[in-house]
Amino acid sequence: MQVGSYVVCINDSNWDILAYVKMSELPVKGKIYRIRRVIPNFDTHCNEDGVALEGIFGELGYYTIKGNIKIFEEFHFIISRFREIENPLLVEDVLEEEDLLCEV
């Protein structure tokens, strides 16, 4: 995923308590968003990139990223909560595929 990509939220459950405080709003499952920034290795626990979405803004603060490096950055979402879509009109197909994977 890269800046400008369209993504659909596939997981809007179990938000960290900080997300309710540090974000202007939270993504909703099934809704389409556009990526405005990608932060490589943002999450040190899951080794995942972070992602900022157009229209949703996070509080700025100091965070520790991979390699125990401190950075001043905007609070982001973990990229695995989203799936990239080529055509925003086909979002139902992406969600149906995710539901099938969860049932296995």
_Evaluation steps, side-chain contact (heavy atoms from CB on, under 4.5 Å), between M1 and V51_ = CA-CA 9 Å; M1 289 185 234; V51 63; over 6 Å; no

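- Side chain of R34 to main chain of Y6: no donor-acceptor pair is present (N/O by atom type, distance under 3.5 Å, no hydrogens or angles).
- When the side chains of ILVMFWY residues are joined at heavy-atom separations under 4.5 Å, either directly or via intervening members, F57 and F77 end up in two distinct hydrophobic clusters.
- In this structure, CG on N11 lies 9.5 Å from CD1 on I78, to the nearest 0.5 angstrom.
- Heavy-atom minimum distance, E74 versus A52: OE1-CB, 4.2 Å.
- Across every non-hydrogen atom of E84 and S5, the tightest pair is OE2-OG, 2.9 Å.
- Criterion: ILVMFWY side-chain heavy atoms under 4.5 Å apart, direct or through other members. Under it, L26 and F82 are part of a common hydrophobic cluster.
- Between I56 atom CD1 and E25 atom CD the span is 4.5 Å, to the nearest 0.5 Å.
- With a 6.0 Å radius and a threshold of 12 heavy atoms from other residues, nucleotides or ligands, Y62 has its OH atom at or below the threshold.
- In this structure, D16 CG and K22 NZ are separated by 9.5 Å, a value rounded to the nearest 0.5 Å.
- Smallest separation of non-hydrogen atoms from I39 and R37: CD1-NH2, 3.1 Å.
- Under a hydrophobic clustering in which Ile, Leu, Val, Met, Phe, Trp and Tyr are joined whenever their side-chain heavy atoms come within less than 4.5 Å, directly or via other members, V21 and M23 fall into different clusters.
- A single hydrophobic cluster is seen to contain both W15 and L53, as judged by linkage of ILVMFWY side chains at heavy-atom distances under 4.5 Å, directly or through other members.
- Taken to the nearest 0.5 Å, the CG atom of L18 stands 9.0 Å off from the CD atom of E59.
- Atom OG of S13 is separated from atom CZ of R81 by 6.0 Å, given to the nearest 0.5 angstrom.
- Rounding to the nearest 0.5 Å places SG of C9 at 11.5 Å from CD1 of I32.
- Cluster annotation: V28 and F75 are assigned to the same hydrophobic cluster (Ile/Leu/Val/Met/Phe/Trp/Tyr, side-chain heavy-atom contacts under 4.5 Å, transitive).
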